[in-house]
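Read through the structure below, which is laid out as structure tokens, and then see the notes.
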Amino acid sequence: MPCPSRSDALVFFVNGRKVTERNADPEVTLLTFLRKNLGLTGTKYACGRGSCGACTVMVSKHDPVSKKIRHFSITACLVPICSLYGAAVTTVEGIGSIKTRLHPVQERIAKGHGTQCGFCTPGMVMSMYALLRNHLHPSEEQLMEALGGNLCRCTGYRSILESGKTFCMESADCQQKGTGKCCVNQRENHSSSLDRKSDICPELFAKEEFQPLDPTQELIFPPELLRMAENPEKGTLTFYGQRVTWISPGTLQDLLELKAKHPEAPLVLGNTSLGPAMKSQGHFHPILLSPARISELSVVMKTSDGLTIGAACSLAQVKDILAESISELPEEKTQTYRALLKHLRSLAGQQIRNMASLGGHIISRHCYSDLNPILAVGNATLNLLSEEGTRQIPLNEHFLAGLASADLKPEEILESVYIPHSRKWEFVFAFRQAQCLQNALPDVNAGMRVLFKEGTDTIEDLSIAYGGVGTATVSAHKSCQQLLGRHWNELMLDEACRLVLDEVSLPGSAPGGKVEFKRTLVVSFLFKFYLKVLKELKTLVRQFSVPGSSRYPEISDGFLSALEDFPVTIPQGVQTYQKVDSHQPLRDPVGRPIMHLSGLKHATGEAIFCDDIPRVDKELFMALVTSTRAHAKIISIDFSEALELPEVVDVITAKDIPGTNGGEDDKLLAVDKVLCVGQVICAVVAETDIQAKQAIGKIKITYEDLEPVIFTIEDAIKHNSFLCPEKKLEQGNIKEAFEKVDQIVEGEVHVGGQEHFYMETQRVLVIPKTEDKELDIYVSTQDPAHVQKTVSSTLNIPINRITCHVKRVGGGFGGKVGRPSVFGAIAAVGAIKTGHPIRLVLDREDDMLITGGRHPLFGKYKVGFMNNGRIKALDIECYINGGCTLDESELVTEFLILKLENAYKIRNLRFRGRACMTNLPSNTAFRGFGFPQGTLVTESCITAVAAKCGLPPEMIREKNMYKTVDKTIYKQAFSPETLIRCWNECLERSSFYSRRMQVEEFNKKNYWKKKGIAIIPMKFSVGFAATSFHQAAALVHIYTDGSVLVTHGGNELGQGIHTKMLQVASRELKVPMSYLHICETSTATVPNTIATAASVGADVNGRAVQNACQILLKRLEPIIKKNPEGTWENWIEAAFEQRISLSATGYFRGYKAFMDWEKGEGDPFPYYVYGVACSEVEIDCLTGAHKKTRTDIVMDACCSLNPAIDIGQIEGAFIQGMGLYTTEELQYSPEGVLYSRSSDEYKIPTITDVPEEFNVSLLPSSQTPLTIYSSKGLGESGMFLGSSVFFAIMDAVAAVRRERDAAEDFTVKSPATPEQVRMACADRFTEMIPRDDPKTFKPWSIPIA
């Protein structure tokens, strides 16, 4: 709206400096303000919804109630700057810098190797820092809680936690320290004999070197803000923006008057509900009211019968208030408070709990609200205020359903919430099940309360409410009424389940899908409630010696485990590697756990990523317009309205491309037709990102739908829709072998896709030069040469005019190999057309929608075997969902087929693979490149054979593994000796056989919880299957002061390639690493580079750097001989005087690799990486949840260049793989629209998903002559080892099905989400739910694998 008058001045502090903003715009977030207005780019943009933690900062405020300063972490992407009046903000730059002094948190996370790509690191640092400002020596539980809202895609979290643990109370290191049972001591006692050798090291960093934490050195709360808080401004503050007005009254009376004047205006406190809705659903409110300065709304009152909590209290404050009341009151009075506290621990992340208010949470009435069901059954009352006076309404099902008669009137506000104490003989419990343990919205949650007639088990009052099973929280009021007066026994439970299923009905097409799972949870929770109450009732009865109490039903011991939820536990573990030879010179860094070169800069926010480059003069912002149809003809595009908007400069279409518009079937910008939802049609160029995004909504595109529309692999097979010919490998005589076996099993495997979810979304900055059509392109890519070539052909200018720069990439995982060239080319067209620099930064939603990910796979197998488990014949057919264009699908199919045999020698094999063409965004390269999907089929075969033979899977694996020097299916010779060593070492380290017996013992004793254990071997082939892709070059300059500049063709993605290259150069030149520097990867210094991918980046570039250094050293030889006692600087000076060139290009021609698909043979891979992982899990059969108890990994790294980096790569890949197989689920609508487009809907592993005990060891004394210093590339191999968790879950499920005599089911579905696990654990609850005929409704989502 237009500014009717001048805004008030917004006053707050950032890093101790005063900020006075006279034109504060309510739509501007703190993140935008920090990055664009103050140039503080350490705070990162990654999700825009507050659920990834990359933009975490600390806010300090004076609390008017306690009169103390509160320090708390928040996500800056959700906080409107207008809400910060009188607050002090601390960002990562404000606590320390490499230029001045580091804060201990920054130092420890870097030196503890808790950073890889570094994009999430500033957020991690600030979450830890805020924790330390409140707790100088936090417990490990507090550390886990503080980091629960921060995501990391690279490290696997263990190293971050280890860094944080150095601040924790000593006693918390181990629950059993001092008892002689400390986990670390036990590991030492149990560890293999190899570990006891003096050359095995379990330490990756030395704690003694860390500087101590000194709280006196922290920034103080600004005295000016303290004075402002003690004499608060009573007047109303108003901030006028372009479209929105923010009004912050100083008194309660003013607020009530404003609410009466603007009844439609929402009250905003944390902006955790309104913010995401305004961003993704386009919700818009011209006036926002902020009650932040009104202390009456934060008052807490304790009375003899209950607790009244102010509506403005944050959920974190509510948590503390409840914990305090629970500690003060007798247990019988705190039942509701305990239930609320349980859910508050897992609701969102710490930052969101710090921001979100109790009032906002209740009034938002989200169907998935975790607190509303408990408040509803707990008989909470809402205290309302308006100019008319006060009013109370019950927080009941009518209020939650939004009925006008039971709701707030438009002019009313929520002042506080009254929660009554529970009574004796009253029990309240809460339940929830989400995709993962923490920081995830629930699939279903529930609050349940029962009151018994005193001294009996007769129901006097019963209340049950569910979330997640309707558009609002749903109450089972009628069912509860019908159960009054009943005894608490099995008959009542059966009746209750029947009634509730009838009342809480969910249609087959319900939003969110998972309908049968949700119905099952409704009754599973009811059963858990029944058991919990029965246990409490029996305890109470024993306490009061009630006569006749013996009639209460018994709870069998096997059922007791159903009562307990999985606790959040602190991961422990040991990482071991081989120390360097004692004769190795100290200055030689190869083989040592050197910190990541950029580690400290990551931790201080001073590491510059693509979008951190300051705004260039006359720079414009680009936003992409994408298709909303899956397969359609474009009839017309009308962008006239968009061009009329202020600050919109142009719209770029295919007609503006001077050169080639991509490939024949893979256009950069769509022409005439679209092939998927998310295909880029055109791009808007505007002066600001906000204007560009607003203009997108004004572009009108008319479509005409085309047939067929294909989304699933099944449909593609039906329509014969394939992207390339079938790939096939065969050995032996499969037909004959099947005739001679004892048994044959056939099965199916479905593996879902995976989103890369690199923390830094796709981004590019294109700067046109003033002459010769030159362009500078700063891009986040794994393959700058490919971007350069694509831009060259798109603009029709020679490659030599285009320079691509890559400083560092915030995670890639294959998703930044091909895609960045598309965005680079579109941005370059915009730059040429407008003559301005163009910045293109994808929002997370757009990135996920447009870019594609890992190929979903459908596999069919037929396996023939003898009764002893020896496999004689295996026939596997795989189909992958390639999406709408070829991209990498043919290569992925080839690699998948080549790698399918994994570690097994089977004489008669046939592998076939097809890539399906569907109307989905094109899938692309992803870490592991087909291996993680394909090999899951192979391992599922093994599990099926074991089940049929009645033998444990590990026995079948061992029986069929390669044992001696042999040839693979494609006739490449190799020795499996190292594989066997890894297998035996892992069996020993994990105490596998004794734990297998413990698991079986546990399963006999527990009916509703089961454990599973699995050990999985891996033979992972490294590299591209073509020699030319293994070439690499480097350029090394020595300057006259002795300093050395190293440049090579690899890109720093977080995998530490630059660190390793300097280790190589340091060894070769015999100078310390401090003399060496890498600036960036640039196509101007090293041309014609290959993508940094396929795990060989450090291998091949290391050889090129080595070559350059050896050339230089050879030139220096005569000078060194002449003056052997001289210094490096002396020698360089002399070389310059003697006109010896101090610059050299190093080159590596590449490993030989080839594959002849006609003959089905070749040597496609330079070498193999072997590894074995053993994982143990525990599942909850009633909810489908699981807990990872322990994982042991043994990996053959040969002679690691840097054990800290390599172990980090193994752990990160393992956790990412674990995500693929357990929580990461892509949901598509029947129209082909990706639903899961944010960190809210798509769940990558969080810190609570790390196994309780997580041990990694690099196999010692292993050699390979082929690679640089006998090292191996470990970037991808660990990914598949995450499947050990999947097969451990399958092992537990199999135990359930055996116990319940359920049929063996050989259809395997990955990921093993709670839904899959729960529905596989068939029981009376899964049987009693209603099931819909699929023909009678349209499902919410469709499976595409």
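A distance of 3.5 Å separates CZ in Arg989 from OG in Ser1257, rounded to the nearest 0.5 Å. Annotation: the span from Ile1215 atom CD1 to Thr1191 atom OG1 amounts to 7.5 Å, rounded to 0.5 Å. Taking CZ of Phe1254 as the reference point, atom CZ of Arg158 lies at 8.0 Å (rounded to 0.5 Å). Rounded to the nearest 0.5 angstrom, Ile980 CD1 and Glu958 CD are separated by 7.5 Å.
Between Phe931 and Phe1020, the ring center distance clears the sub-6.0 Å criterion. In this structure, Phe813 has its ring center no closer than 6.0 Å to that of His756.
A donor and an acceptor atom, one from each side chain of Tyr577 and Asp1206, are nowhere located under 3.5 Å apart. A donor-acceptor contact closer than 3.5 angstrom is absent between the side chains of Thr155 and Gln116. Thr115 and His602 are linked by a side-chain donor-acceptor pair at a separation below 3.5 angstrom, with hydrogens and angles left out of the test.
A salt bridge links Asp1196 with Lys1272: the closest approach of a Lys/Arg side-chain nitrogen to an acidic carboxylate oxygen falls below 4.0 angstrom. One finds a salt bridge joining Arg995 and Asp1192 here, because a Lys/Arg side-chain nitrogen approaches an Asp/Glu carboxylate oxygen to under 4.0 Å. Salt-bridge formation is detected for the pair Lys165/Glu162: a Lys NZ or Arg NE/NH1/NH2 atom is positioned less than 4.0 Å from an Asp or Glu carboxylate oxygen. Checked for salt-bridge contact, Arg153 and Glu1224 meet the test: a charged N lies under 4.0 Å from a carboxylate O.
Side-chain contact between Asn1255 and Arg1190 is present, with heavy atoms from C-beta onward closer than 4.5 Å. Using a 4.5 Å cut-off on side-chain heavy atoms (C-beta onward), Ile1057 and Leu1053 make no contact. Considering only heavy atoms from C-beta on, Met961 stays 4.5 Å or farther from Lys1019 through its side chain. Looking at heavy atoms from C-beta onward, Phe566 lies out of side-chain contact with Ile1179 at the 4.5 angstrom threshold. Residues Ser940 and Phe1287 are in side-chain contact: their nearest non-hydrogen atoms beyond the backbone lie under 4.5 Å apart.
A ring pair (Phe, Tyr, Trp, His ring centres under 6.0 Å) with Tyr962 is found for exactly one of Phe974, Trp983, Tyr904, namely Phe974.
A distance-only check finds a donor-acceptor pair linking the side chain of Ser159 to the backbone of His113 [under 3.5 Å]. The backbone N or O of Ala1153 lies less than 3.5 Å from no partner atom in the side chain of His1030, so there is not a single donor-acceptor pair. In this structure, Glu1276 contributes its side chain and Ser1095 its backbone to a donor-acceptor pair below 3.5 Å. A donor-acceptor pair under 3.5 Å links the side-chain atoms of Gln754 to the main chain of Gln1216, judged by distance alone.
The two residues Leu1220 and Gly752 have their closest heavy-atom pair at CD1-O, 3.9 Å. Across every non-hydrogen atom of Leu1258 and Ala1197, the tightest pair is CD2-CB, 4.0 Å.
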Full working for ring-ring contact (aromatic ring centres under 6.0 Å, His included) between Phe1165 and Phe895: CA-CA 10 Å; Phe1165 305 111; Phe895 274 50; 5.5 Å; yes

